[in-house]
Amino acid sequence: MCVEIMLNAANLAFIAFARQFDAAEGQIYAFFIMTLAAAEAAVGLAIVIALFRLRESTDVDELNLMKW
Amino acid sequence: MGGLETVGFIILTTLALASAVVVVFHRSPVISALALAFNLVSIAGFYLLLNAQFLALLQVIVYAGAIMVLILFVIMLLSIANEPGLHRSGFLQTILAPLIALGCAVAMGLAVYRGADGPAYVVSSTDFGTVRDVGTELFSTFFYAFEAISLLLVVAMVGAVLLAKRRL
């Protein structure tokens with residue numbers, strides 16, 4: 001969820017500067033970031049659910065499956 | 001900036017900052033998620049103040065609608081009520097994260113400060129930020145990027161379906 005806040009902060013900066021420099025490009029970038037956030041949330045939450053099913057835990061430190 | 005806009009800006013800033021702090025520091029994930037929804041809606045208010053009506057609409061529909069429902073759904077599905085408290089993050093994290101955040105804030109402040117004595121912030125056309133303006137730009141200059149992002153959404157959808165399968 002903090003990732004969402006960070007993406008939103010970037011979005012807000014993009015839109016504020018788009019307003020300041022009278023450029024529509026900033027709003028387009030914000031639009032792309034929003035799409036990216038949707039994709040990220042979907043995949044990330046799917047990974048969390050899959051790992052929870054596997055390990056019965058959401059603690060990131062316990063999830064060392066890919067450790068070599 | 002008119003008087004009403006200033007009042008709206010102050011109210012929105014207070015709400016956004018307060019809800020963001022709640023998101024980061026509250027122990028209950030559900031309350032944290034609800035505060036995030038509140039934060040997203042107040043940021044949509046900022047977009048409205050900044051002549052980005054289309055994006056404000058998208059923010060409410062996509063973020064506060066779709067993504068928040070997804071997050072809340074997963075939190076309630078997992079029901080992590082009896083989870084032991086999160087342990088402290090590492091040394092590098094506690095030192096480096098505030099430094100990087102501070103650096104970003106300073107960079108933003110400098111950018112705003114430099115632009116402060118520039119030309120007045122007036123928008124050239126009356127339809128700045130409307131659906132027509134953004135859509136025209138999106139389907140002319142950024143056409144290939146738009147197609148790429150739609151491809152990314154399809155890939156994310158397929159990946160999510162694959163990950164959610166019963167047997168991985």
Side-chain angles (χ1 to χ4, degrees), chain A, chain B residues 20 23-24 29 32-33 36 39-40 43 46-47 50-52 54-55 58-59 62-63 66-67 70-71 73-74 77-78 80 83-84 86-87 104 108 111-112 115 118 121-124 128-129 133-134 136-138 141-142 145-146 149-150 152-153 155-157 159-165 168:
Chain A
M1 284 188 285
C2 296
V3 177
E4 308 288 333
I5 292 186
M6 287 194 269
L7 287 171
N8 264 287
N11 258 350
L12 192 56
F14 265 126
I15 288 180
F17 284 118
R19 169 77 163 76
Q20 178 176 349
F21 298 120
D22 191 19
E25 282 88 354
Q27 300 202 356
I28 308 285
Y29 288 131
F31 172 78
F32 285 147
I33 291 176
M34 219 177 265
T35 323
L36 202 79
E40 168 258 335
V43 175
L45 290 172
I47 289 175
V48 167
I49 287 190
L51 283 175
F52 185 74
R53 216 184 267 148
L54 201 67
R55 290 291 184 90
E56 294 291 317
S57 163
T58 52
D59 192 342
V60 194
D61 288 338
E62 280 181 32
L63 304 174
N64 46 11
L65 196 67
M66 299 217 284
K67 219 171 191 174
W68 50 281
Chain B
V23 173
V24 176
S32 203
L36 178 59
N39 187 19
L40 295 175
I43 286 181
F46 275 124
Y47 292 174
L50 289 166
N51 287 53
F54 176 55
L55 279 166
L58 274 186
Q59 174 91 356
V62 175
Y63 255 120
I67 295 183
L70 204 64
I71 290 178
F73 183 75
V74 168
L77 191 71
L78 296 183
I80 35 180
E83 187 87 345
L86 293 173
H87 25 86
C104 289
M108 271 304 283
V112 172
Y121 312 142
V122 284
V123 285
S124 56
F128 179 77
D133 190 35
V134 175
T136 310
E137 193 75 13
L138 197 59
T141 320
F142 292 90
F146 182 73
I149 208 88
S150 67
L152 174 81
L153 273 182
V155 170
M157 192 177 72
V161 169
L162 190 75
L163 280 170
K165 257 169 52 170
L168 205 58

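Chain identifiers are assigned alphabetically (A, B, ...) following the order of the sequence lines, protein sequences preceding nucleic acid strands; residue numbering begins at 1 within each chain. All heavy atoms count here, side chains included; hydrogens, waters and symmetry mates do not. Every value quoted in this text rests on a predicted model; they were computed, and no experiment measured them.
Neither the backbone nor the side chain of Thr136(B) comes within less than 4.5 Å of any heavy atom in chain A. Only the side chain of Ile67(B) comes within contact range of chain A, judged by heavy atoms closer than 4.5 Å. Contact of Leu12(A) with chain B is made through backbone and side chain together, with heavy-atom distances under 4.5 Å. For Ala66(B), no part lies under 4.5 angstrom from a heavy atom of chain A. Ala37(A) touches chain B through backbone and side chain together, each having a heavy atom under 4.5 Å away. Proximity to chain A (any heavy atom under 4.5 Å) is restricted, for Leu36(B), to the side chain, taken from C-beta onward. For Phe146(B), the parts lying near chain A are the backbone and the side chain together; criterion is any non-hydrogen pair under 4.5 Å. For Tyr63(B), the part lying near chain A is the side chain, with the backbone staying farther off; criterion is any non-hydrogen pair under 4.5 Å.
Side-chain contact check for Phe31(A) versus Phe142(B): every heavy-atom pair is 4.5 Å or farther apart. In this structure, the side chains of Ile71(B) and Leu45(A) come closer than 4.5 Å at one or more pairs of heavy atoms. Side-chain contact between Tyr47(B) and Asn11(A) is present, with heavy atoms from C-beta onward closer than 4.5 Å.
Taking all atoms of both residues into account, the shortest heavy-atom contact from Ala30(A) to Leu55(B) is CB-CD1, 4.0 Å.
Within the model, atoms OH of Tyr29(A) and CD1 of Ile33(A) stand 10.0 Å from one another, a figure rounded to the nearest 0.5 Å. From Gln27(A), atom CD reaches atom CG of Leu58(B) across 10.5 Å, with rounding to the nearest 0.5 Å.
With hydrogens and angles left out, the side-chain atoms of Asn39(B) and Glu4(A) include no donor and acceptor closer than 3.5 Å.
When each of Ile49(A), Ile28(A), Leu36(A), Val43(A) is checked for heavy-atom pairs under 4.5 Å with chain B, Ile28(A) comes out on top.
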